[in-house]
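Let me begin by presenting the structure, written as structure tokens, before commenting on it.
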Number of protein chains: 2
Amino acid sequence: MKLSDGVEAAIHCATMLAALKDDAVLPTTALAEFYGVSASYLAKHLSALVRCDILISVNGPAGGFRLQRPADKITLLDVVLAIEGDAPAFRCAEIRRNGPGAPDASAYIKPCGIKSAMLAAERAWRGELAKTSIADLVQSFRAEADPRSLARNRAFVADTARVQPRTD
Amino acid sequence: MKLSDGVEAAIHCATMLAALKDDAVLPTTALAEFYGVSASYLAKHLSALVRCDILISVNGPAGGFRLQRPADKITLLDVVLAIEGDAPAFRCAEIRRNGPGAPDASAYIKPCGIKSAMLAAERAWRGELAKTSIADLVQSFRAEADPRSLARNRAFVADTARVQPRTD
DNA sequence: GGGCAACTACTCGGATAACGATTGTCCGAGTAATCATGG
DNA sequence: CCATGATTACTCGGACAATCGTTATCCGAGTAGTTGCCC
């Protein structure tokens, strides 16, 4: 039970991109330097977000990434599943059917209680993640963060963002 | 985000042990054969449950494992944490503090919203797991399982359980 | 001076190694039942 | 027949490899900006 290391970076980048004006983008290198992480590795995660229709990538000079839709339409769950994959955390191997003397499949029509309980817990987890949107994170950051931190983020966006005409 | 493979086996074994009479134990080999899993590997997980005071091990001939306390006092969460470790799934590396121009630590007294949201989701997950006890699983199994499966489990316990005087 | 074309530089995207954790296995320490022995 | 002691066989526990996934990196494909040239 451990989440991929890139989840944190992906969410931070998403919140940063949410602060951009429409049609503006940020490149991987700038984000990687700002957060002090490997640019090559961050690129992999941002690509995953593009594949899941969370980000849009713009190629070429003055290219970069921006959100695919409004920040209040992107939940934490969307981002986490994009990075981690949407496979359930608990995979039931049905070992109850193994071993000598086990009856045939007709005896196991009902799902076992263990699987049900584990999946219910995961639903709770996902439901909680789905409650928070990227817009919520941006709002709470603006409301609660230290002024220095806020100023640094604003300056970064102002200095680095590039305007890019929409093509979609 | 994936749970260790041994979680399923550990929970199954716990429910099986919950069906034993007091002072009876089951050895690793019997459980492994019943569930068709590797005995050596299962032993590792059962040892983890012993370390977390969920099971008691009895050494020597006629030895094995039994529950450390009543089944309704053992939750799914206890078992999962014993196998997976109790470290939180989301580990915040505080990358918001990285990069050039980041203010000193005094600017980051408040935990970031990302971390808070992720931990809240994990609390929901754990809370859900804590709702279900091993006793609940046994009860639902007895109420809903196929008669053939039920009979097989009963026969296994009757044939394999050994009585072992308590020493604690 | 304006338009056009080739070039250049910067971006993302996918294919490719290194590390670490989980998985899987084995052998040794310990203990209680067993069996032989003596009273 | 019963008590006793050494033996034996069976158990758990921790130390030791193999495999897989995640982490980390690099280079190639593509595109828009830039520059130089021609009209």
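Reminder, nothing fancy here: chain letters follow the sequence lines and each chain counts from 1.
In this structure, Gln139(A) places its CD atom where only 12 or fewer heavy-atom neighbours from other residues, nucleotides or ligands lie under 6.0 Å away.
At least one test fails for Arg97(B) against the ring of Tyr35(A): distance under 6.0 Å to the centre or angle within 45° of the axis.
Rounding to whole angstrom units, CD1 of residue Ile83(A) and P of dG21(D) are separated by 18 Å. Between Lys2(B) atom NZ and dT22(D) atom C1' there is a gap of 10 Å when expressed in whole angstrom units. The CZ atom of Arg91(A) sits 12 Å away from the P atom of dT22(C) (whole-angstrom rounding). For the pair Tyr41(A) OH and dA18(C) C1', the computed distance is 13 Å after rounding to whole Å. Atom NE2 in His45(A) sits about 12 Å away from atom P in dT25(D), given to the nearest Å. Rounded to whole Å, the distance from CG on Asp5(B) to P on dT19(D) is 17 Å. Computed from coordinates, the Glu8(A) CD to dT23(D) P distance equals 12 Å when rounded to whole Å.
Side chain of Ser4(B) to main chain of Val7(B): no donor-acceptor pair is present (N/O by atom type, distance under 3.5 Å, no hydrogens or angles).
Each of Glu84(B) and Ala39(B) has a nearest nucleotide on DNA chain C; the 5'-most of these lies closest to Glu84(B).
Counting all heavy atoms, side chain and backbone alike, Arg142(A) lies closest to Leu150(A) at CA-CD1, 3.9 Å. The shortest non-hydrogen separation linking Lys115(B) to Phe90(B) is CA-CE2, 4.0 Å.
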remark   = Readout for nucleotides 10-17 of chain D: B = base within 4.0 Å of protein heavy atom, S = sugar-phosphate only, - = neither; 5' to 3' it is BBSSS---

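The phosphate of dT25(D) (OP1 or OP2) has a side-chain N or O of Ser38(A) nearer than 4.0 angstrom.
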Please list every donor-acceptor pair under 3.5 Å in which a side-chain atom of residues 119-126 of chain A meets a protein atom from a residue at least two apart or in another chain.
from	atom 1	to	atom 2	distance (Å)
Glu122(A)	OE1	Ala89(A)	N	3.0
Glu122(A)	OE2	Ala89(A)	N	2.9
Arg126(A)	NH2	Asp86(A)	O	3.2

